[in-house]
Amino acid sequence: MRCSDTEPSSLGLFSESDLQQPARSDALGPQAWVLRGFALPWIERLLPRLDEVLAAAPFRHMVTPGGFSMSVGLSSCGQWGWTTDRSGYRYSRIDPQSLRPWPAMPEVFRQLAEAAADAAGFSRFTPDSCLINCYRPGAKMSLHQDKNEHDFNAPIVSLSLGLPAIFLFGGQQRSDQSQRVPLLHGDVVVWGGVDRLRYHGVLPLKDGNHPQLGQQRINLTFRLAG
Ligand code: MD3
Ligand code: FE
């Protein structure tokens, strides 16, 4: 099954032109950009490295401080990985499951993140952390802010792989209206500056099968965490 066989959502958010992934970028905010299909030429080189990282640090369903198991599977690579448990959210140099450092960030990951940040006008971005989220059908991420990083001046770069998802891009307050943005395989989002602390989330993933990734969406976020 190809992405373009995916049913149009009831909200009419997936148009034929979105599914063809034309080379273009959409502004989501003053300093937030979707680079449509930016990573497509990189994916063949990325996927084998992603497999290696996930063999060393498999996806796990973390428990939030509130005691809920997250529907999204999480892993990390790089100097810092993101973890959560009953005592809170934090970055750690050690994978609490293996008790070893997180796998190193593959060179091609860092190169892609730097190229995308550059294309969006954030030069000299060198991430030290890559969070890897796995969505199976039904998995979602509730509205939240990313504020565990030390330096909010650095942008965040995200790469979407596999099944399409609807990303929610909110405002500076949880109660602000959200934009609904379809994200497809190969799309890269870069945001920083005034948009860095905006609320965001992901609607429950719809069923489907992606030719390269199968029945899942994997999202990589590149950050300067430490
Ligand atoms: C906008 N992941 O891991 S990535 C996360 O698709 C996370 O898995 C989502 O939110 C996902 O924390 C969205 C895009 C993203 C990430 C961080 C942001 C957008 C953002 C921070 C501020 C504003
Ligand atoms: Fe986030």
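Order of appearance sets the numbers: ligands from 1, and atoms from 1 within every ligand.
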(request) Look at ligand 1 and say whether F169 reaches it with a heavy atom at a distance under 4.0 Å. (result) yes

(request) Would you check whether Q31 reaches within less than 4.0 Å of ligand 1, judged by its heavy atoms? (result) no

Quick one: does any side-chain atom of [X] pair with a main-chain N or O of [Y] as donor and acceptor, under 3.5 Å?
| X | Y | value |
| --- | --- | --- |
| D195 | A32 | yes |
| Q216 | L213 | yes |
| R60 | P58 | yes |

Return the name of the atom in [X], of element N, O or S, nearest to the Fe ion (ligand 2).
| X | answer |
| --- | --- |
| H144 | NE2 |
| D146 | OD1 |
| H200 | NE2 |

(request) For atom 3 (O) of ligand 1, state which one of V202, N133, L131, I218 supplies the nearest heavy atom. (result) N133

(request) Run down the list Y199, W191, F152 and name the one with the heavy atom closest to atom 20 (C) of ligand 1. (result) W191

(message) Would you say that more than 12 heavy atoms from the other residues, nucleotides or ligands in this model lie under 6.0 Å from the CH2 of W33, or not?
(response) no

(request) Return yes when atom NE2 of H144 has more than 12 non-hydrogen atoms of other residues, nucleotides or ligands closer than 6.0 Å, and no otherwise. (result) yes

Give the contacting part of [X] toward ligand 1: side chain, backbone, both or neither, where contact means a heavy-atom distance below 4.0 Å.
| X | answer |
| --- | --- |
| L183 | neither |
| Q145 | neither |
| K147 | neither |
| K140 | neither |

(request) Considering the heavy atoms of S158, write down every atom of ligand 1 situated less than 4.0 Å from one of them. (result) 4 (S), 14 (C)

(request) Number the atoms of ligand 1 from 1 as they appear, then name those within less than 4.0 Å of a heavy atom of R198, with their elements. (result) 22 (C), 23 (C)

How close do [X] and [Y] get, heavy atom to heavy atom, and via which atoms?
| X | Y | value |
| --- | --- | --- |
| A116 | V188 | CB-CG1, 3.6 Å |
| R196 | D146 | NH1-O, 2.8 Å |
| A57 | D95 | CB-OD2, 3.9 Å |
| D128 | A225 | OD1-N, 2.7 Å |

(request) Consider only side-chain heavy atoms of I, L, V, M, F, W and Y, link residues closer than 4.5 Å, and tell whether V190 and V194 are in one cluster. (result) no

Nearest protein heavy atom with distance in Å, relative to [atom]:
| atom | answer |
| --- | --- |
| atom 7 (C) of ligand 1 | M141 SD, 3.5 Å |
| atom 8 (O) of ligand 1 | Y135 OH, 2.6 Å |
| atom 13 (C) of ligand 1 | F167 CE1, 3.6 Å |

Within-cut-off N or O pair, [X] and ligand 1, under 3.5 Å:
| X | answer |
| --- | --- |
| R223 | yes |
| D195 | no |
| D146 | yes |
| R217 | yes |

(message) Over 60° means perpendicular and under 30° means parallel, so tell me whether F109 and F222 are parallel, tilted or perpendicular.
(response) perpendicular

(message) Quick check for you: to the nearest 0.5 Å, what is the distance between W80 atom CH2 and M105 atom CE?
(response) 13.0 Å

